[in-house]
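The figures that follow rest on heavy atoms only: side chains count, while hydrogens, waters and symmetry mates do not. Every value quoted in this text rests on a predicted model; they were computed, and no experiment measured them.
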Amino acid sequence: KRVSNAIIDIASLNNKISGALNFDTLHFGSNTFYKTGINATVAGDSLSIAATTKDTKNKDRFAIGADIDRKDYGYTFSLKDTLLLDYKKWNVATDNRIEYSPAGILVNNFLIRNDSTTISVKSRGSALNSPIDVVIDNFKIKDITSMVNSDTLLASGIIDGKFSVSEFDKKIPAFTGHLQIDSLQFMQQAVGTINLNAEKSGENTISGAMDLTGNGNRVRVKGDYYLN
(Lines give C-alpha, C1' and ligand atoms only; values in the text may rest on other atoms or scores of the structure.)
Protein backbone atom coordinates (compact mmCIF):
# COMPACT_ATOMS: atom_id res chain seq x y z
CA LYS A 1 0.00 0.00 0.00
CA ARG A 2 1.30 3.48 -0.87
CA VAL A 3 -0.38 6.89 -0.82
CA SER A 4 0.99 9.93 -2.65
CA ASN A 5 0.34 13.55 -1.54
CA ALA A 6 -2.51 12.92 0.85
CA ILE A 7 -4.20 15.95 2.47
CA ILE A 8 -6.78 15.81 5.27
CA ASP A 9 -8.85 18.86 6.24
CA ILE A 10 -11.34 19.06 9.11
CA ALA A 11 -13.36 22.15 10.02
CA SER A 12 -16.25 23.03 12.32
CA LEU A 13 -18.69 25.91 11.74
CA ASN A 14 -22.29 26.63 12.77
CA ASN A 15 -22.84 23.19 14.35
CA LYS A 16 -21.49 21.48 11.25
CA ILE A 17 -18.36 19.39 10.97
CA SER A 18 -16.81 19.10 7.52
CA GLY A 19 -13.97 16.84 6.46
CA ALA A 20 -12.06 16.24 3.25
CA LEU A 21 -9.53 13.64 2.20
CA ASN A 22 -7.64 14.12 -1.06
CA PHE A 23 -4.71 12.21 -2.54
CA ASP A 24 -2.93 12.07 -5.88
CA THR A 25 -2.51 8.29 -6.08
CA LEU A 26 -3.30 5.26 -3.97
CA HIS A 27 -1.41 2.07 -4.81
CA PHE A 28 -3.12 -1.02 -3.41
CA GLY A 29 -1.58 -4.27 -4.59
CA SER A 30 -1.59 -4.17 -8.40
CA ASN A 31 -4.30 -1.49 -8.45
CA THR A 32 -3.89 2.28 -8.65
CA PHE A 33 -6.49 4.95 -7.86
CA TYR A 34 -5.79 8.46 -9.18
CA LYS A 35 -6.76 11.92 -7.90
CA THR A 36 -9.39 10.86 -5.41
CA GLY A 37 -11.32 13.18 -3.14
CA ILE A 38 -13.78 12.32 -0.37
CA ASN A 39 -15.83 15.06 1.28
CA ALA A 40 -18.25 14.69 4.18
CA THR A 41 -20.40 17.02 6.27
CA VAL A 42 -22.09 16.09 9.54
CA ALA A 43 -24.88 18.22 10.98
CA GLY A 44 -26.94 16.81 13.83
CA ASP A 45 -28.18 13.39 12.74
CA SER A 46 -27.44 13.98 9.04
CA LEU A 47 -24.42 12.97 6.99
CA SER A 48 -23.71 14.18 3.46
CA ILE A 49 -20.88 12.48 1.58
CA ALA A 50 -19.37 12.78 -1.89
CA ALA A 51 -16.46 10.99 -3.56
CA THR A 52 -14.73 11.54 -6.90
CA THR A 53 -11.83 9.84 -8.63
CA LYS A 54 -10.07 11.08 -11.75
CA ASP A 55 -7.88 9.53 -14.46
CA THR A 56 -4.25 10.25 -15.28
CA LYS A 57 -5.35 13.27 -17.36
CA ASN A 58 -7.22 14.77 -14.40
CA LYS A 59 -10.63 14.07 -15.91
CA ASP A 60 -13.47 12.92 -13.63
CA ARG A 61 -14.03 9.20 -14.08
CA PHE A 62 -16.12 8.05 -11.13
CA ALA A 63 -18.27 10.03 -8.70
CA ILE A 64 -20.96 9.26 -6.16
CA GLY A 65 -22.75 11.22 -3.47
CA ALA A 66 -25.34 10.38 -0.85
CA ASP A 67 -27.29 11.80 2.09
CA ILE A 68 -27.89 9.71 5.20
CA ASP A 69 -30.30 10.80 7.92
CA ARG A 70 -30.94 9.18 11.28
CA LYS A 71 -34.20 9.45 13.17
CA ASP A 72 -34.87 7.47 16.34
CA TYR A 73 -33.68 3.96 15.41
CA GLY A 74 -34.11 4.34 11.67
CA TYR A 75 -31.97 5.54 8.79
CA THR A 76 -32.85 7.12 5.45
CA PHE A 77 -30.43 6.88 2.52
CA SER A 78 -30.76 8.82 -0.73
CA LEU A 79 -28.42 8.98 -3.70
CA LYS A 80 -27.43 12.40 -5.05
CA ASP A 81 -27.74 13.28 -8.74
CA THR A 82 -23.97 13.24 -9.18
CA LEU A 83 -23.43 9.62 -10.18
CA LEU A 84 -20.61 9.09 -12.68
CA LEU A 85 -19.47 5.60 -13.73
CA ASP A 86 -16.51 5.21 -16.06
CA TYR A 87 -16.98 8.78 -17.41
CA LYS A 88 -20.73 8.23 -17.96
CA LYS A 89 -23.17 10.60 -16.26
CA TRP A 90 -26.17 8.77 -14.78
CA ASN A 91 -29.57 10.31 -14.16
CA VAL A 92 -30.77 9.72 -10.60
CA ALA A 93 -34.43 9.99 -9.56
CA THR A 94 -34.74 13.01 -7.26
CA ASP A 95 -37.20 11.23 -4.95
CA ASN A 96 -35.08 8.11 -4.47
CA ARG A 97 -35.05 6.96 -0.86
CA ILE A 98 -34.25 3.85 1.16
CA GLU A 99 -35.61 3.68 4.69
CA TYR A 100 -34.30 1.09 7.12
CA SER A 101 -35.02 0.44 10.78
CA PRO A 102 -35.37 -2.59 13.06
CA ALA A 103 -39.03 -2.60 11.97
CA GLY A 104 -38.17 -3.18 8.31
CA ILE A 105 -37.15 -1.68 4.97
CA LEU A 106 -38.89 0.53 2.40
CA VAL A 107 -37.50 1.57 -0.99
CA ASN A 108 -38.96 4.54 -2.85
CA ASN A 109 -38.12 4.96 -6.55
CA PHE A 110 -34.43 4.08 -6.38
CA LEU A 111 -33.93 4.65 -10.10
CA ILE A 112 -30.73 5.37 -12.03
CA ARG A 113 -30.47 5.58 -15.82
CA ASN A 114 -27.85 6.11 -18.54
CA ASP A 115 -28.96 5.87 -22.18
CA SER A 116 -30.35 2.33 -22.62
CA THR A 117 -29.22 1.18 -19.17
CA THR A 118 -31.62 1.28 -16.24
CA ILE A 119 -31.54 0.02 -12.68
CA SER A 120 -34.79 0.34 -10.76
CA VAL A 121 -35.47 -0.75 -7.18
CA LYS A 122 -38.77 0.02 -5.46
CA SER A 123 -41.20 -1.32 -2.90
CA ARG A 124 -44.62 -2.29 -4.23
CA GLY A 125 -46.44 -0.60 -1.38
CA SER A 126 -45.90 2.15 1.17
CA ALA A 127 -45.67 -0.16 4.17
CA LEU A 128 -42.40 -1.38 5.63
CA ASN A 129 -41.29 -4.78 4.31
CA SER A 130 -43.48 -4.60 1.21
CA PRO A 131 -42.05 -6.81 -1.57
CA ILE A 132 -39.21 -5.06 -3.40
CA ASP A 133 -39.06 -5.26 -7.20
CA VAL A 134 -35.71 -4.96 -8.97
CA VAL A 135 -35.34 -4.38 -12.72
CA ILE A 136 -31.93 -4.27 -14.42
CA ASP A 137 -31.70 -3.47 -18.13
CA ASN A 138 -28.46 -3.65 -20.09
CA PHE A 139 -26.06 -2.92 -17.22
CA LYS A 140 -22.41 -3.24 -18.21
CA ILE A 141 -20.32 -4.78 -15.44
CA LYS A 142 -17.26 -2.94 -16.76
CA ASP A 143 -18.76 0.37 -15.63
CA ILE A 144 -18.03 -0.77 -12.07
CA THR A 145 -15.02 -3.08 -12.38
CA SER A 146 -13.01 -0.56 -14.44
CA MET A 147 -12.74 1.48 -11.25
CA VAL A 148 -9.89 -0.85 -10.36
CA ASN A 149 -6.98 0.36 -12.47
CA SER A 150 -5.07 -2.89 -12.91
CA ASP A 151 -3.44 -4.27 -16.03
CA THR A 152 -6.25 -6.79 -16.48
CA LEU A 153 -9.95 -5.92 -16.31
CA LEU A 154 -11.47 -7.88 -13.43
CA ALA A 155 -14.81 -8.68 -15.08
CA SER A 156 -17.08 -7.63 -17.94
CA GLY A 157 -20.44 -8.61 -19.34
CA ILE A 158 -24.02 -7.34 -19.49
CA ILE A 159 -26.62 -7.88 -16.78
CA ASP A 160 -30.37 -8.05 -17.41
CA GLY A 161 -32.85 -9.13 -14.81
CA LYS A 162 -36.21 -8.81 -13.19
CA PHE A 163 -36.71 -10.21 -9.72
CA SER A 164 -38.37 -9.58 -6.39
CA VAL A 165 -37.28 -9.83 -2.77
CA SER A 166 -40.04 -10.43 -0.24
CA GLU A 167 -41.04 -12.11 3.02
CA PHE A 168 -38.58 -10.12 5.11
CA ASP A 169 -40.12 -11.58 8.26
CA LYS A 170 -38.54 -14.94 7.43
CA LYS A 171 -35.03 -15.97 8.46
CA ILE A 172 -33.95 -15.66 4.81
CA PRO A 173 -36.00 -13.40 2.47
CA ALA A 174 -37.55 -14.91 -0.65
CA PHE A 175 -35.80 -14.21 -3.97
CA THR A 176 -37.87 -14.92 -7.08
CA GLY A 177 -37.29 -13.98 -10.70
CA HIS A 178 -34.65 -14.13 -13.41
CA LEU A 179 -31.15 -12.72 -13.83
CA GLN A 180 -28.88 -13.09 -16.86
CA ILE A 181 -25.22 -12.20 -17.26
CA ASP A 182 -24.42 -12.23 -20.97
CA SER A 183 -20.91 -12.53 -22.46
CA LEU A 184 -19.30 -12.79 -19.03
CA GLN A 185 -15.53 -12.45 -18.94
CA PHE A 186 -13.37 -12.84 -15.85
CA MET A 187 -9.79 -11.54 -15.93
CA GLN A 188 -10.31 -11.14 -19.71
CA GLN A 189 -11.04 -14.86 -20.07
CA ALA A 190 -14.37 -15.69 -21.76
CA VAL A 191 -16.71 -17.56 -19.41
CA GLY A 192 -20.06 -17.57 -21.22
CA THR A 193 -23.62 -16.67 -20.32
CA ILE A 194 -25.09 -17.27 -16.88
CA ASN A 195 -28.84 -17.57 -16.30
CA LEU A 196 -30.29 -17.61 -12.80
CA ASN A 197 -33.93 -18.46 -12.15
CA ALA A 198 -35.77 -18.74 -8.85
CA GLU A 199 -39.40 -19.33 -7.98
CA LYS A 200 -41.41 -20.13 -4.90
CA SER A 201 -42.31 -23.83 -4.90
CA GLY A 202 -43.80 -24.10 -1.42
CA GLU A 203 -44.81 -22.04 1.60
CA ASN A 204 -41.20 -21.85 2.80
CA THR A 205 -39.28 -23.14 -0.21
CA ILE A 206 -37.53 -21.36 -3.10
CA SER A 207 -36.38 -23.49 -6.03
CA GLY A 208 -33.48 -22.15 -8.02
CA ALA A 209 -31.45 -23.06 -11.08
CA MET A 210 -28.24 -21.72 -12.59
CA ASP A 211 -27.15 -22.41 -16.16
CA LEU A 212 -23.74 -21.59 -17.62
CA THR A 213 -23.43 -21.94 -21.41
CA GLY A 214 -21.06 -20.82 -24.15
CA ASN A 215 -17.32 -20.95 -24.79
CA GLY A 216 -17.27 -24.71 -24.38
CA ASN A 217 -19.04 -24.57 -21.02
CA ARG A 218 -22.31 -26.27 -20.16
CA VAL A 219 -23.13 -26.40 -16.48
CA ARG A 220 -26.50 -26.65 -14.74
CA VAL A 221 -27.03 -26.42 -11.00
CA LYS A 222 -30.40 -26.82 -9.29
CA GLY A 223 -31.41 -26.66 -5.67
CA ASP A 224 -33.81 -25.43 -3.02
CA TYR A 225 -33.41 -23.09 -0.11
CA TYR A 226 -35.75 -22.70 2.82
CA LEU A 227 -36.99 -19.41 4.24
CA ASN A 228 -37.24 -20.68 7.82
Can you measure from [atom1] ([X]) to [atom2] ([Y]) and round to the nearest 0.5 angstrom?
X: Ile144; Y: Leu85; atom1: CD1; atom2: CG; result: 4.5 Å
X: Asp211; Y: Arg220; atom1: CG; atom2: CZ; result: 4.0 Å
X: Asn197; Y: Ser207; atom1: CG; atom2: OG; result: 11.5 Å
X: Thr193; Y: Leu184; atom1: OG1; atom2: CG; result: 8.0 Å
X: Asp160; Y: Asn138; atom1: CG; atom2: CG; result: 6.0 Å
X: Ile10; Y: Ser18; atom1: CD1; atom2: OG; result: 10.0 Å

Determine whether more than 12 heavy atoms belonging to other residues, nucleotides or ligands lie under 6.0 Å from atom [atom1] of [X].
X: Tyr100; atom1: OH; answer: no
X: Lys140; atom1: NZ; answer: yes
X: Asn15; atom1: CG; answer: no

Less than 4.5 Å apart, side chain to side chain, heavy atoms only: is that true for [X] and [Y]?
X: Asp69; Y: Tyr75; answer: no
X: Ile119; Y: Phe139; answer: yes
X: Asn39; Y: Ile49; answer: no
X: Tyr87; Y: Asp60; answer: no
X: Met210; Y: Ile194; answer: yes
X: Ile98; Y: Phe110; answer: yes
X: Asp143; Y: Lys88; answer: yes
X: Asn114; Y: Asn91; answer: no

So which heavy atom on [X] is nearest to which on [Y], and how close?
X: Ala190; Y: Gln185; answer: CA-CG, 3.9 Å
X: Ser146; Y: Phe62; answer: OG-CZ, 3.5 Å
X: Phe168; Y: Ser130; answer: CE1-O, 3.7 Å
X: Leu227; Y: Tyr225; answer: CD2-CE1, 3.6 Å
X: Ser48; Y: Asp67; answer: OG-OD1, 3.0 Å

Would Asp81 and Lys89 pass as an ion pair if we require N to O under 4.0 Å?
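Salt bridge flag = yes for Lys89 with Asp81.
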Could you walk me through whether Ser120 and Lys122 satisfy the side-chain contact (heavy atoms from CB on, under 4.5 Å) test, starting with their C-alpha distance in whole Å, then the side-chain angles of each, then the deciding distance to 0.1 Å, before giving a yes or no?
CA-CA 7 Å; Ser120 171; Lys122 61 178 66 176; 3.7 Å; yes
Can you tell me if [X] uses its side chain to pair, donor with acceptor, with the backbone of [Y] under 3.5 Å?
X: His178; Y: Asn195; answer: no
X: Thr205; Y: Ser201; answer: no
X: Ser101; Y: Ala103; answer: yes
X: Asn129; Y: Ile105; answer: yes

Quick one: side chain to side chain contact (heavy atoms under 4.5 Å, CB included) partners of [X], sequence neighbours excluded?
X: Leu47; result: Ala40, Val42, Ile68
X: Lys162; result: Val135
X: Lys57; result: Asp55

Any chain of hydrophobic side-chain contacts (each under 4.5 Å) joining [X] to [Y]?
X: Ile7; Y: Ile38; answer: no
X: Ile172; Y: Ile206; answer: yes
X: Met147; Y: Leu84; answer: no
X: Ile64; Y: Leu111; answer: no
X: Ile181; Y: Ile158; answer: no

With sequence neighbours excluded, tell me which residues meet salt bridge (charged side-chain N to carboxylate O under 4.0 Å, His left out) with Arg124.
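Testing Arg124 for salt bridge (charged side-chain N to carboxylate O under 4.0 Å, His left out), a comparison that skips the adjacent residues, returns Asp133.
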Taking it one step at a time, do Arg61 and Asp86 satisfy side-chain contact (heavy atoms from CB on, under 4.5 Å)?
CA-CA 5 Å; Arg61 187 173 184 187; Asp86 202 19; 2.9 Å; yes
Do Asn96 and Asn109 have side-chain N/O donor and acceptor atoms under 3.5 Å apart?
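No donor-acceptor contact under 3.5 Å links the two side chains.
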Taking atom types as modelled and ignoring hydrogens, do the side chains of Thr36 and Thr53 form a donor-acceptor contact shorter than 3.5 angstrom?
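Checked: Thr36/Thr53 side chains pair up, N/O donor to acceptor below 3.5 Å.
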How about Phe175 and Phe163: are their ring centres within less than 6.0 Å of each other?
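Yes, they do, as the ring centres are separated by less than 6.0 Å.
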Does Gln180 form a side-chain contact (heavy atoms from CB on, under 4.5 Å) with Leu196? I'd like the steps, not just the answer.
CA-CA 6 Å; Gln180 176 179 284; Leu196 300 169; over 6 Å; no
Using links of under 4.5 Å between side-chain heavy atoms of ILVMFWY residues, direct or through other members, which residues join Leu128 in one cluster?
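Besides Leu128, the hydrophobic cluster comprises Leu106, listed by chain and residue number.
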Determine, step by step, whether Asp24 and Lys35 satisfy the salt bridge (Lys or Arg N to Asp or Glu O under 4.0 Å) criterion, reporting the C-alpha distance in whole Å, the side-chain angles of both residues, the deciding distance to 0.1 Å, and the verdict.
CA-CA 4 Å; Asp24 285 347; Lys35 296 284 186 179; 3.4 Å; yes
Applying salt bridge (charged side-chain N to carboxylate O under 4.0 Å, His left out), which residue pairs with at least one partner in residues 165-185 are found, sequence neighbours left out?
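Counting only pairs at least two positions apart or across chains, the salt bridge (charged side-chain N to carboxylate O under 4.0 Å, His left out) contacts touching residues 165-185 are Glu167-Lys170, Glu167-Lys200.
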